[in-house]
Amino acid sequence: MSNSIWTNLLHQSSLPSTVLEPQSRINWTCIGGNTLCSPQATSVTRKSPLSTEFWGSKLTLQKKKLLMGKHPAVSGFPQAVLTMGPSSEIVEKINLDGNIEMLVDVKPPHRGSRPVVDIKVTRCSDRLFLHWGAVQSRNGKWVLPNRRPDGTKAYKNRALRTHFVKFGDTASIRIEIDDPTIQAIEFLIFDEGQNKWFKNNGENFFIGLPPGEPRVSNVSVPEDLVQIQAYLRWERKGKQMYTPEQEKEEYEAARTELLEEIARGTSIEELRGRLTKKDDANNCKNQPLPERINIPDNLVQIQAYIQWEKAGKPNYSPEQQLKEFKAARKELQLELEKGTSLSEIREKIAKGEIQTKVAKQLEKKSYFTVEKIQRKKRDAMQLLSKYPSRNGEERIFSETQAFSAIELFAKAKEEQVDGSILNKKRFDLSDGKLLLLVARSSSKTKVYLASDHKEPLTLHWALSKRPGEWMSPPSSVLPPGSVSLDKAIETEFSKSSSDNLTYKVQSLEIEFEDDSYLGMPFVLVSNGKWIKNKGFDFYVDFGTKTKKVHQGASDGRSTAKALLDKIAEMESEAQKSFMHRFNIAGNLIEEARSAGELGFAGILVWMRFMATRQLIWNKNYNVKPREISKAQDRLTDLLQNVYIGHPQYCEILRMIMSTVGRGGEGDVGQRIRDEILVIQRKNDCKGGMMEEWHQKLHNNTSPDDVVICQALIDYIKSDMDISVYWKTLNENGITKERLLSYDRAIHSEPNFRKDQKDGLLRDLGNYMRTLKAVHSGADLESAIANCMGYRAEGEGFMVGVQINPVSGLPSGFPELLQFVLEHIEDRNVEALLEGLLEARQELRPLLFKPNNRLKDLIFLDLALDSAVRTAVERGYEELNNASPEKVMYFISLVLENLVLSVDNNEDLIYCLKGWDQALKMSKSGDHSCALFAKSILDRTRLALASKAEWYHQLLQPSAEYLGSQLGVDQWAVNIFTEEMIRAGSAASLSALLNRLDPILRKTANLGSWQVISPVEAVGYVVVVAELLSVQNKSYERRTILVAKSVRGEEEIPDGAVAVLTPDMPDVLSHVSVRARNCKVCFATCFDSNILADLQAKEGKLLRLKPTSADIIYSEVMESELASSSNLNDIGPSPSITLVRKHFRGRYAISSDKFTSEMVGAKSRNIAHLKGKVPSWIRIPTSVALPFGVFEKVLSDDLNQQVAAKLEDLKKRLNGGDFNVLGEIRRTLLDLLAPSQLIKELKDKMQSSGMPWPGDEGQQRWEQAWMAIKKVWASKWNERAYFSTRKVKLDHYYLCMAVLVQEIINADYAFVIHTTNPSSGDSSEIYAEVVKGLGETLVGAYPGRALSFICKKNDLSSPEVLGYPSKPIGLFIRPSIIFRSDSNGEDLEGYAGAGLYDSVPMDEEEKIVLDYSSDPLIIDSNFRQSILSKIARAGSAIEELYGSPQDIEGVVRDGKIYVVQTRPQM
């Protein structure tokens, strides 16, 4: 409510309470049309605003004309109308369209009531809406009544929309009017199903309402009661800002309401009691006012308003409002008791000189009396968001898309361009496509046109120097064969017919040097018919783009290429304005949905390039802010719909929405344009920078305006320090050059006066909310306001905005958000983080339920997420001297935030549960807490790395391809994924992990290194990304490899004397065993500073001296290299001799026939254990396919084609074509099984007590046979092949037997080395344990196993060295495993174990592991029991063989099974 109404009330309050006529008379004259009305109001006994000539039954107009007539020539209500008197009832039937009819039934009011309007439509659709409003005054402007049918929604705050209720063939609505100021109803009918409007001959339908019964004359209402009623109406309507005319209308409406009550029999005393004594519910309505209270009520109302305004205009409950009125009355009474007269009080109120204690108290009011909230206990698994990946399917689809003829033409031309691509567009024709490419090289502009249209085309074209112009180009630029017309040229396309072209198109080239031309208008002609662009001329903008399309860029593989091409073609249109860009993006959402994850990745990349200012925001186009916000609103609505229907894309949709901003209905955006004018007018700052900014805002508002507004606020707060203004701009990426680059450039700097400070800070602060409501979806204050609801007052011409609260919010949620806002700037951020996360947890269930305001909830969640990241960064200082427990708690909070933000978060949830477990251990004083926390830290790092890899695979190909098409700066493309990751919670979490890591290592006495192979070495430092990438390389000089990634299954390359890595392969992984066997120093470095120092020494000669827990390194001179010749001598690799094995006449044998001629050491060793180890160590039953069976099967007549193909491939392999290894393996999978093999294998398995797969059906046998073939084929895997070449082992002589065993469905799997491999200590056993099958231990699975040592003289006291960090466990149904058993394993001087594959018949299931409920981790007694049993088994087997052993086994139901043993190398 404007202040002027209160000033008017002050002046009126001195008037006597007499009968007053209305201040304005209604005098309308209607000429023409169907209804003539000349209502007048001349006294307080108000007549109807509609003439009494039409009351009663005198309305005799024809029904057809009644509602459907033409507009009157001059009218207060310029529509055809239906009017009636106070006692009549009218029913009218109107034909809307065909057999669709509308029935309007207006029931007159009775005593104490108002009219009722029933509207019925027959034979209509189910999606019918009444689009309506009420009319109060002569200007005919719609108002929105407070009383509305259920389900009515406000449409842009200018109309109401009510859904018709359908019964059978009839849809109906009833409207009851209880506002006496409403004189008519206006409406249209909208059929949403057919997108069709029903109108009254092109105009609105109009229903004039009858007034109530005549009121008692000569009755007056005291003015103080009218003023109170006017205030209550203003408050009921949301405390809007009224114009003076609206104030008068509201004042008279209040008088009318009171007169109606009097007409219904209410006395003046009762009115006064109701209006002034609501604060005492027990008082009788007729109770007189206390004699001592002689303050006029209107002054109390004014003082209460001033209190409310000073308190920040809070939303009071009715009870609080009454308290405020009482407090205002008390303040004024105190003034009276001081001797102040009423007239003096009026003057003091007008000047704001009366102190308001209540207002001051309210300013300090806190909704929370505690400094921390009480967090609810929740099951972390409720946060699980897990969806099957569709990446593989989508990427395969994208990679197989063929290039069209047009694409091939464009690709060829772009490669020829030696300059900049200014524009690229593709248009759809009725029969084909049209490509248009504009390039600039040196001083020439070239326009290429091409089409695959089947019929010959002619280009009808011109050039232009301004939009809409057709200029005939000079003859020097005309292509051969062109014909000059009036202001245009016609040129025929030339058709390519060369046989050597892979594409057939007709094309045309135009070249000119004059750079004053801005564009080219054109149309096409084919067979005498004009071809236009959706009814308009085609137009290509020559533009000013200078970024060059990157040559040799991505070819679009692993992307939604078709979508990205379409984006690239439409970019020239998109860069006109945000409205264009958002509308284009909205039009592409359905295509992105069809393309799946890769489609939305493309949209995200495009929007991110926009948000980071890599694309043009505005180019020669004027657009209203409300049009931008409407386009944003549409785009975010479409994204919201996908979010609801396709939850597997939620994470990427959230990222898209964070780049777009919320937007809103037109009024929200329109305020950007209007409010700046009000700020200029109120603060006398209409010129200079503010006027330039105002022009920019009117032309094309953008997210830059949020930064500019903040810079102005910071500048004013700094007492007009202009350097602060520029600091804020520059820190947010806005330079002077960018300000000058706007279509409406900002040249000037702000220059305000001191006396403008307070007003500008207030108004710009309010304006910031308007800007953020449109541009900043992740702004917390705006996001909260959008969900909680708010009203922004209109002022003068400026529109008002009302945002209603989102329904269904949890109980206590507003108070929680209030707590967040009150603590958002706290220096100590722990309580704030707890509040933010509690709010996200409360909000989360609503994000997965349909809600027409879902996007507001999503934007609120994004804002809370962003606030967490900001708070964490601010809280780093708080952690400088914090305890490990405090840092761990912060990590758990940030990890919880990440879990709430991403999909497929199962691994992260188990990390979160792990941190909770670590905190419990710390509080209980568990001495192993640091060691356990270190394992959780390592696992969390792996989870972050996995997430980063997913982002890179999903986004980077699209960034590279689209970036090349749009000419985005190469540096921005290169770091695209990295910057996306940095913008999320993962970056904050990684920083906290880095801070905690050295603390845990120190506490757990882990040091900076884990030495896996303690060998002294001297060599030159070489830094590589992956050991895998150099495993087949041979270094000519001693080399120390510093490798960022070591998976665990790689080979050590020739010439390498050391491998140092931050990665964490298991001590018993293949690469670790190979390093020890080859006497290569191998160690993990946990200290990033040490690692960085080693990387900085690339190319230098270092000496490494390892101990059991550390590595000392130093630079040495090359002269010292000779003295170190005994270290890691690089000489010729030893030559290993193999004896070729032959088929011995048996396809399958039982374990009692396992000899060196039939099987390898793996099979023989397991057979040797049977009956010789204690009975509590269980040995699985085994059979084997002996040596020579593979070769026998290959030579069988069944497999002649396979054998022939294999010979050809082996010749290519021997010739150095190593790419055929994979093809060899695939070829061997086509082998067929001889019937004798099947018979013998079945007999041996059944006689040994093993299940025969074929008993479960032929398909099960086929699975078993495929597994056998994969074992044989692993002879040609890359790692094994290059390993044998390195030691000059003749690959031809390598033979493969297959050991067949039942799979024990393990709880845990283990590997034992009976001599500690890291220290060489033979007095202690070293072992590693994983959950599930052992493949995660010996294969390339990330993370560490549980590791422990145990002294052989105290096997009951195992000591845990490290807890597990492996995120994945493998589990399988009861099945059969086929193990490789070659004659190339465990040879003297060569460890071939682990090179070849063991393949289960059934596929293992990958399970994400939860260690927080694993008894091996949380139950110390269980852990001691199991680890002791493993150690005892190792000791017993070593004693049997009399030498150190490398043992593999599993634990099932607490029982130990050993599946193989070999000599420890």
Side-chain angles (χ1 to χ4, degrees), residues 998 1001 1006-1048 1050-1065 1067 1069-1134 1282-1283 1285-1288 1317-1320 1389 1391:
R1001 283 191 281 107
L1006 293 176
S1008 300
W1009 294 88
Q1010 180 177 24
V1011 181
I1012 298 171
S1013 177
V1015 178
E1016 188 173 341
V1018 175
Y1020 293 92
V1021 176
V1022 173
V1023 179
V1024 297
E1026 296 179 324
L1027 182 60
L1028 186 66
S1029 66
V1030 296
Q1031 67 173 349
N1032 301 323
K1033 187 171 181 177
S1034 293
Y1035 292 97
E1036 295 181 358
R1037 59 181 186 175
R1038 294 183 180 89
T1039 299
I1040 297 173
L1041 288 174
V1042 180
K1044 182 179 179 182
S1045 170
V1046 176
R1047 299 172 59 190
E1050 302 91 339
E1051 285 294 311
I1052 307 290
D1054 285 345
V1057 297
V1059 177
L1060 308 177
T1061 178
D1063 225 333
M1064 299 173 290
V1067 173
S1069 66
H1070 173 78
V1071 70
S1072 301
V1073 173
R1074 302 295 289 170
R1076 289 191 291 267
N1077 291 344
C1078 299
K1079 300 297 185 283
V1080 171
C1081 179
F1082 186 33
T1084 294
C1085 179
F1086 297 116
D1087 192 316
S1088 59
N1089 294 324
I1090 294 176
L1091 191 69
D1093 185 55
L1094 285 166
Q1095 291 169 334
K1097 295 184 184 301
E1098 185 167 19
K1100 295 183 178 179
L1101 187 64
L1102 294 187
R1103 179 187 296 274
L1104 306 180
K1105 288 188 175 183
T1107 66
S1108 60
D1110 200 1
I1111 286 185
I1112 308 299
Y1113 62 92
S1114 60
E1115 289 189 45
V1116 297
M1117 304 297 293
E1118 291 198 14
S1119 59
E1120 298 182 46
L1121 192 58
S1123 64
S1124 304
S1125 59
N1126 61 321
L1127 299 175
N1128 312 96
D1129 285 333
I1130 299 177
S1133 299
F1282 288 113
S1283 178
R1285 278 172 57 90
K1286 188 183 298 184
V1287 296
K1288 298 180 175 56
S1318 297
S1319 64

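Basis for what follows: all heavy atoms, side chains included, without hydrogens, waters or symmetry-related copies. Computed from a predicted structure; not experimentally measured. By convention here, the first residue in the shown sequence is residue 1.
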| request: Heavy atoms only: give me the nearest Pro1317-Pro1014 pair and the separation to one decimal. | output: O-CD, 4.1 Å
| field | Check ion pair Arg1047-Glu1026 (N to O, under 4.0 angstrom) | value | no
| Do Thr1061 side-chain atoms and Ala1043 backbone N/O form a donor-acceptor pair below 3.5 Å? | yes
| remark: When every non-hydrogen atom of Arg1103 is compared with those of Val1116, the smallest separation belongs to CB-CG1, 3.8 Å
| Taking C-beta and beyond as the side chain, do Ser1069 and Val1046 meet within less than 4.5 Å on heavy atoms? | no
| If every non-hydrogen atom of Leu1094 is compared with every non-hydrogen atom of Val1021, which pair is closest and at what distance? | O-CG1, 3.7 Å
| Atom pair CD1/CD of Ile1111 and Gln1010 - distance to nearest 0.5 Å | 11.0 Å
| remark: Taking every heavy atom of Pro1065 against every heavy atom of Gly1048, the minimum-distance pair comes out as CB-CA, 4.4 Å
| query | Stepwise, does the side chain to side chain contact (heavy atoms under 4.5 Å, CB included) test hold for Val1042 with Lys1097? | reply | CA-CA 10 Å; Val1042 180; Lys1097 295 184 184 301; over 6 Å; no
| said: Quick one, Val1071 and Gln1031 - any side-chain contact, counting heavy atoms below 4.5 Å? | reply: no
| said: Any non-hydrogen side-chain atom of Leu1041 less than 4.5 Å from a side-chain atom of Tyr1035? | reply: yes
| Do the side chains of Ser1013 and Val1080 get nearer than 4.5 Å, heavy atoms only? | no
| message | Tell me the closest heavy-atom pair linking Leu1027 and Glu1050, and the distance in Å. | response | CD2-CB, 3.9 Å
| message | Does any part of the side chain of Phe1082, heavy atoms only, come nearer than 4.5 Å to the side chain of Arg1076, both counted from C-beta? | response | no
| said: Are there over 12 heavy-atom neighbours, none belonging to Lys1033, within less than 6.0 Å of that residue's NZ? | reply: no
| field | Side chain to side chain, Thr1084 and Ile1012, heavy atoms closer than 4.5 Å | value | yes
| Atom OH in Tyr1020, atom CZ in Arg1038: separation rounded to 0.5 Å? | 9.5 Å
| field | Minimum-distance pair of heavy atoms, taken over all atoms of Pro1106 and Glu1016 | value | CD-CA, 3.8 Å
| request: Report the C-alpha distance between Cys1085 and Leu1060 in whole Å, list the side-chain angles of each, state the deciding distance to 0.1 Å, and finish with yes or no for side chain to side chain contact (heavy atoms under 4.5 Å, CB included). | output: CA-CA 7 Å; Cys1085 179; Leu1060 308 177; 5.9 Å; no
| message | Working note: Val1018 + Leu1101, criterion side chain to side chain contact (heavy atoms under 4.5 Å, CB included); need CA distance, chi angles, decisive distance, verdict. | response | CA-CA 7 Å; Val1018 175; Leu1101 187 64; 4.0 Å; yes
| task | Taking side chain to side chain donor-acceptor pair (under 3.5 Å) as the test, write out the residues that go with Glu1051, two or more places apart. | result | His1070, Arg1074
| field | Residues that Ser1008 engages under side chain to side chain contact (heavy atoms under 4.5 Å, CB included), provided they are two or more places apart | value | Arg1001, Asp1087, Ile1090
| query | Is there a side-chain contact between Leu1028 and Ser1045, using heavy atoms and a 4.5 Å cut-off? | reply | no
| request: Would you indicate whether the side-chain heavy atoms of Asp1093 and Tyr1113 approach each other to under 4.5 Å? | output: yes
